[in-house]
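First the structure, in the form of structure tokens, and then the observations on it.
Only heavy atoms go into these numbers, but all of them, side chains included; no hydrogens, no water, no symmetry mates. Chain A is the first sequence line, chain B the second, and so forth, proteins listed ahead of strands; every chain is numbered from 1.
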Amino acid sequence: MEGQSTGGGLLNDLRHRLRTATAGFLSAEWGVELDPALITWEPPPDIRFGDLSTPISLRLAKQLRRPPLEVAGALRDGLARSGLTMIGEITSTPPGFVNVRVDPAAVATALLSEIALRRQDYGIHAPSGQKVVVEHTNMNPNKAAHIGHVRNACLGDCLVRILRRSGYEVEVQNYIDDTGAQVADVVLGFHHLGAAAPPAGVRFDHYCWDLYADVHRRFEREPELKATQQEYLHLIEQGCGEVARLAKEVAQKVLAGHLRTMWGLGIHYDLLTWESDIVRKGFWRYAFEHLREQGSLVHETEGPNAGCWVVRLRDLPGFESLENPDKVLVRSNGTATYVAKDIAYQLWKFGVLGLDFDYRFYTDQPNGHGLYSSCPPEEAEQMPVGARFGRADRVVNVIDIRQKYLQDVLRHSLRQLGYARQADNSVHFSYEVVALSPKTAQELGGDVSGEAKTVYAMSGRKGIGVKADDLLAAAEAKAASEVAQRHPEMGPAEVAGLAHDIAVGAVRYYMVRFHTNTLIAFDFDDALAMQGNTGPYLQYACARARSILRRAADSVNGCPRDPGQALAWSVAKEPFGEGVELAPVEKALVMTMADFPSKIASAAVEYLPSILAEYAFTLASSFTDFYEGAPVLSAPPSEQARRIALVAAFVQVMSNVLDTLGLPSPSVL
RNA sequence: GCGCCCAUAGCUCAGCGGAACAGAGCGUCUGCCUUCUAAGCAGAGGGUCGUAGGUUCGAAUCCUACUGGGCGCGCCA
């Protein structure tokens, strides 16, 4: 909304100036008042037309009752007179476009100085002073993670990185439902059905994957077990006794597996929030008293909700056609519904509940950041100075699209209960699920005998799905064999390390490159692909660039070995002076690199990591074109510093892009 | 029944606040490693953008209807 031109990057500034100049001219010349933000200046389909074009004349022609081309011509002349810097030739072309060509040397000089100055911060926007809480992963702690959880965590983590680069303070929370039916089922498996402890070498969460499916098979055969299931659930909810203790143990052991899996993918958290702590602390009871006092809750005495406390949603758009649009928060038996607890929890995230958790340090993480956790009062520890969890300006819940209705209920309930600002700042980051392609479903032993379907849903209860760790292992195995083939000089440990980085690159890119609206029909061959539009292709482009710099340091007089220093060194030679003619591939690379900050901004505003994924592929392709068309080491001396500068700048920008996507950036591939 | 999402090349997907020939990857075919990493590159072939209407000088993009898929609509979580 605001500050569009601050820290938005070179190209964005240019666009901003063009919009303003265009709007100014339209107003002065014809008295047409347009919001500059609505005047598009985007690259035309063919660069022969120019670097940026606007179709605004086509839109205005009718209103002005003049031929589009004539309007375009007048705009062209007007812009030419406005003295825009970094702009070269301005043209108008049929049917009525105005095109500008930038001054590539001027852009390159400014861009490379900025990259050399800001290094890993290139693409970071000015601080907004706002705090965003992002909740993602949120797995039931009762079995191993599957590929649907991986999509959640990869999208969530990528969004976190995008928001951080957009200038927000971001706190990452991972909610652990340790008192739910799913945990109860596994506890029942151990305690009531006498399941053995996992054999040595089998991870606890993997073992529970099968155990959970076993328990559900028993439920099918022995319906009377349902009563025991309820019994266990109640014992766990009450939080005392052997069963509750076992539940906590199961949850913690499974969580340890989940964390190991996610850390392996480069995903970390700031805070774990436990359902049991929300219950113990009485978040809902507290919220209920408060809401009742201020009269925003309704106690129904008749109708289908008689005896319940509800929030009225019947007048809201999207709810009016429902059979029973109001939402029950307290059942007629006095117990709270899930949404009720969620409302209290959401209020806590915004810091307006009036109650807080107790906290303790939970564990160190591989990225060096401590992970904290809510906890029972007796375990509470002093938190580091300045640590303040929650109190967000905005809350983003990363949950798949099947939760849309509940998230809508949550947001509208907040509004109806008097928290309009919090409702406005509650975001459901939704995405389509990961399902199995018919081929994959069949390989996993799913029942594909019935009517042919396009996709098959995963089912934890049936034990049908792809485990996150199995996908990672398959990717690592494939990458390892490629690495070993290409680098016979590497030892086994080095091969394994590199293979891991590549596998993570492949999996993470696969999970974020799709639009969030796209249902992923998971296929092993697609997910493990390492050629074309894939993570390893991006990593490869970066590794190749690093390789050039290594060789340049060996063969070019004075060129430093470190990429950052090489960039500073080459930029200091002022290689883009007056009259320098850039090759098309050089110019294209400059323009693409200049676009990074605005891509971060779009991805953040639209909540679409795929925008960044697409940009990453464009940037890598841009470098590959440069690589093929503009030799560096064999370039004439007059061009060599310039090309070293471009390569070094690319290494920096691509590293930043990969970091934002959460992909490792190995120096050799 | 109501609501949301999806339908674009053989396959997997971009594009969808209208506009300059509909793009990419994979797969297929033809080439390119004694010059910076061939996980690469060049080229060929492949599409009446689900169907039918409508709005517009102009529609894959906006509107309506339909068809076919996916999902959601609890005093479950």
Side-chain angles (χ1 to χ4, degrees), chain A residues 38 40 44-46 49 53 55 58-59 61-62 68 93-97 99 140 177 179-182 233 275 304-310 318-325 327-339 341-342 400-406 408-409 430 432-433 435 437 453-455 457 479 482-483 485-487 502 506 513-515 517-521 523 525-526 529-541 543-552 555 610-611 613-614 617-618 621 624-625 627-635 643 647 668-669:
Chain A
L38 297 177
T40 54
D46 189 325
F49 292 115
S53 300
L58 289 162
R59 245 163 254 161
K62 187 175 215 173
T93 50
F97 291 95
N99 321 288
N140 273 301
D177 183 4
T179 65
Q182 295 211 21
L233 191 52
E275 168 73 9
N305 296 334
C308 300
W309 288 89
V310 308
F319 289 85
E320 67 278 80
S321 62
L322 295 175
E323 261 177 61
N324 188 2
K327 184 66 197 174
V328 172
L329 298 184
V330 180
R331 304 180 184 104
S332 50
N333 69 4
T335 58
T337 61
Y338 170 83
V339 169
K341 291 183 226 170
D342 226 23
D400 73 56
I401 194 159
R402 292 173 302 185
Q403 298 286 327
K404 180 182 180 342
Y405 170 72
L406 278 171
D408 284 348
V409 168
S430 86
E432 259 293 356
V433 297
S437 67
K453 297 169 78 170
T454 51
V455 292
E482 296 285 329
V483 172
Q485 215 173 325
R486 283 159 223 255
H487 300 283
I502 294 168
R513 56 175 260 240
F514 300 98
H515 195 285
N517 280 346
T518 300
L519 184 149
I520 298 181
D523 182 88
D525 292 337
D526 291 346
M530 296 183 180
Q531 270 149 20
N533 188 356
T534 66
Y537 174 84
L538 311 178
Q539 296 171 313
Y540 180 68
R544 275 171 132 189
R546 288 181 202 275
S547 172
I548 293 176
L549 294 183
R550 279 193 297 272
R551 286 171 170 269
S555 63
S610 59
I611 289 177
E614 192 194 8
F617 183 64
T618 303
S621 303
T624 302
D625 289 344
Y627 185 95
E628 299 289 336
V632 178
L633 301 178
S634 62
R643 292 196 176 153
V647 174
V668 171
L669 213 61

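Residue contacts shown for A:A306 include a base, since a base heavy atom lies under 4.0 Å away. Using a 4.0 Å heavy-atom distance criterion, A:L38 is classed as a base contact. Within 4.0 Å (heavy atoms only), A:L329 reaches no atom of the nucleic acid at all. Among the protein residues, A:V310 comes within range of no part of the nucleic acid, since none of its heavy atoms lies under 4.0 Å from any strand. At a threshold of 4.0 angstrom between heavy atoms, the contacts of A:N99 include nucleobase atoms, whether or not backbone atoms are also involved. Across all strands, A:P95 comes closer than 4.0 Å to no nucleic acid atom at all (heavy-atom distances). A:D523 comes within 4.0 angstrom of no nucleic acid atom, judged by non-hydrogen atoms across all strands. Among the heavy atoms of the strands lying under 4.0 Å from A:A543 is at least one base atom, whether or not backbone atoms are also near.
Relative to the side chain of A:T93, the nucleotides B:rU37, B:rC5, B:rA20 differ in distance, and B:rA20 lies closest. Checking B:rU56, B:rA14, B:rG70 against every side-chain atom of A:T454, the shortest atom distance belongs to B:rG70. Looking at the side chain of A:Y627, the nearest of the listed nucleotides B:rC13, B:rC36, B:rG74 is B:rC36. Closest to the side chain of A:L633, from the set B:rA77, B:rC36, B:rA39, is B:rC36. Of the listed nucleotides (B:rC6, B:rA38, B:rC73), B:rA38 has the atom at the smallest distance from the side chain of A:R544. Here B:rA14 is the nucleotide among B:rA14, B:rC75, B:rA39 with the atom lying nearest to any side-chain atom of A:F514.
Taking atom C1' on both nucleotides, B:rA14 is separated from B:rU8 by 10 Å, rounded to a whole Å. If you take atom C1' in B:rU34 and the same atom in B:rA24, they sit 34 Å apart, rounded to whole Å. Remark: the separation of the P atoms in B:rC5 and B:rG45 is 39 Å, to the nearest Å. Spacing of C1' atoms, B:rC21 relative to B:rG17, comes out at 24 Å, to the nearest Å.
Look at OH on A:Y540: it is 4 Å from C1' on B:rU37, rounded to the nearest Å. Straight-line distance from the CH2 atom of A:W309 to the P atom of B:rG74: 23 Å, rounded to whole Å.
Base pairing analysis places B:rA65 opposite B:rU51; the two distances defining the Watson-Crick or G-U wobble pair are each below 3.5 Å. Under the Watson-Crick and G-U wobble criteria, each requiring two contacts below 3.5 Å, nucleotide B:rC57 is left unpaired. Using N1 to N3 plus N6-O4 or O6-N4 for Watson-Crick, or N1-O2 and O6-N3 for G-U wobble, each under 3.5 Å, B:rC16 pairs with nothing.
Under 3.5 Å, the side chain of A:S53 and the base of B:rA20 form at least one donor-acceptor pair of N or O atoms.
In this structure, B:rC33 shows a glycosidic angle within 90 degrees of zero, which is the syn conformation.
For A:T518 and A:V632, each mapped to the nucleotide of RNA chain B holding its nearest heavy atom, the one lying further toward the 5' end belongs to A:T518. Mapped onto RNA chain B by nearest heavy atom, A:M530 and A:R402 fall at different nucleotides, with A:M530 at the one closer to the 5' end.
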